[in-house]
Amino acid sequence: MMSSEELRTGFSDLVVSLPTRTEDQTNSLGDLSSEGGLQVTCFTEDLHDVMLHFQIVRFSKQIYVWVGCNTAKFGHLYAAATTRPDNNVSVTSVLGGTSDNTGSGMARRLVLKTGLNIVLACNIPKDSPMLEAAAERKLVEKLKGLGYMRPIAGEANTSTAQ
């Protein structure tokens with residue numbers, strides 16, 4: 001039987017810690033091509049005196065995104081994915097009211113732009129379509145910088161032709 005001191009020492013050996021993250025920093029855990037790999041990116045943007053907080057978690061075949069406005073509340077949760085046979089994008093509200101669609105359109109467009117399944121938690125006031133559009137622009141800009149966007153057909157050809 002272990003003494004309490006041995007048990008405490010044993011637990012301290014098991015503690016796994018990640019480096020402290022600052023704003024606009026990415027943390028990779030594993031290889032994204034493998035089943036268990038993921039990449040976490042967090043950043044904050046000040047848009048017209050409104051603080052928007054973002055967290056992006058990239059799994060091998062999907063992206064989880066949280067967008068918070070001035071607070072760390074979770075908000076509404078949407079899941080979006082392409083559906084067969086015609087590859088339309090379907091979005092469902094997982095948590096939150098059905099009358100408030102803030103975030104559902106953003107989730108749909110992110111699937112089209114990334115080609116990946118999207119789970120989006122959005123805490124943006126429903127009466128702020130300009131703020132939602134600005135948040136989506138910043139998010140797409142960051143996703144593009146991280147290399148998560150699907151290449152647009154003909155985009156490589158136009159940049160080399162100039």
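Residue numbers run from 1 in the order of the sequence given. The figures that follow rest on heavy atoms only: side chains count, while hydrogens, waters and symmetry mates do not.
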Identify the heavy atoms of [X] and [Y] that sit nearest to each other, and give their distance.
| X | Y | answer |
| --- | --- | --- |
| Val119 | Leu77 | CG1-CD1, 3.6 Å |
| Leu38 | Val57 | CD1-CG1, 4.2 Å |
| Ala81 | Val111 | N-CG2, 4.0 Å |
| Leu120 | Ala107 | CD2-N, 3.8 Å |
| His53 | Asn70 | CD2-N, 4.3 Å |
| Gly75 | Asn123 | CA-CB, 3.9 Å |

Point-to-point distance, once rounded to the nearest 0.5 Å, from [atom1] of [X] to [atom2] of [Y]:
| X | Y | atom1 | atom2 | answer |
| --- | --- | --- | --- | --- |
| Ser104 | Arg109 | OG | CZ | 8.0 Å |
| Lys138 | Thr44 | NZ | OG1 | 12.0 Å |
| Leu95 | Cys122 | CG | SG | 13.0 Å |
| Glu136 | Leu52 | CD | CG | 12.5 Å |

With side chains defined as the heavy atoms from C-beta onward, is the minimum distance between [X] and [Y] less than 4.5 Å?
| X | Y | answer |
| --- | --- | --- |
| Val40 | Ile56 | no |
| Gln55 | Val65 | no |
| Arg150 | Lys113 | no |
| Leu146 | Arg58 | no |

Applying ring-ring contact (aromatic ring centres under 6.0 Å, His included) between Phe54 and each of Tyr64, Phe43, Trp66, report the one that passes.
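Result: among Tyr64, Phe43, Trp66, Phe43 is the only option passing the ring-ring contact (aromatic ring centres under 6.0 Å, His included) with Phe54.
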Has [X] got a side-chain atom pairing as donor or acceptor with [Y]'s backbone, closer than 3.5 angstrom?
| X | Y | answer |
| --- | --- | --- |
| Ser93 | Tyr78 | no |
| Arg108 | Leu110 | no |
| Glu45 | Met51 | no |
| Ser128 | Met130 | no |

Problem - Check against side chain to side chain contact (heavy atoms under 4.5 Å, CB included), Leu131 and Val50 - result: CA-CA 9 Å; Leu131 184 59; Val50 176; 3.9 Å; yes
* Does atom CG of Asp86 have more than 12 heavy-atom neighbours, drawn from other residues, nucleotides or ligands, at distances under 6.0 Å? ->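 Check passes, neighbour count above 12.
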Quiz prompt | Test log, rule side chain to side chain contact (heavy atoms under 4.5 Å, CB included), inputs Val89 and Thr83 | solution = CA-CA 6 Å; Val89 176; Thr83 54; over 6 Å; no
Apply side chain to side chain contact (heavy atoms under 4.5 Å, CB included) to Ile63 and Thr114, showing your working.
CA-CA 9 Å; Ile63 297 174; Thr114 63; 4.2 Å; yes
Output, in order, the C-alpha distance, side-chain angles, deciding distance and verdict of side chain to side chain contact (heavy atoms under 4.5 Å, CB included) for Leu139 and Met106. CA-CA 10 Å; Leu139 181 59; Met106 188 185 316; 4.1 Å; yes
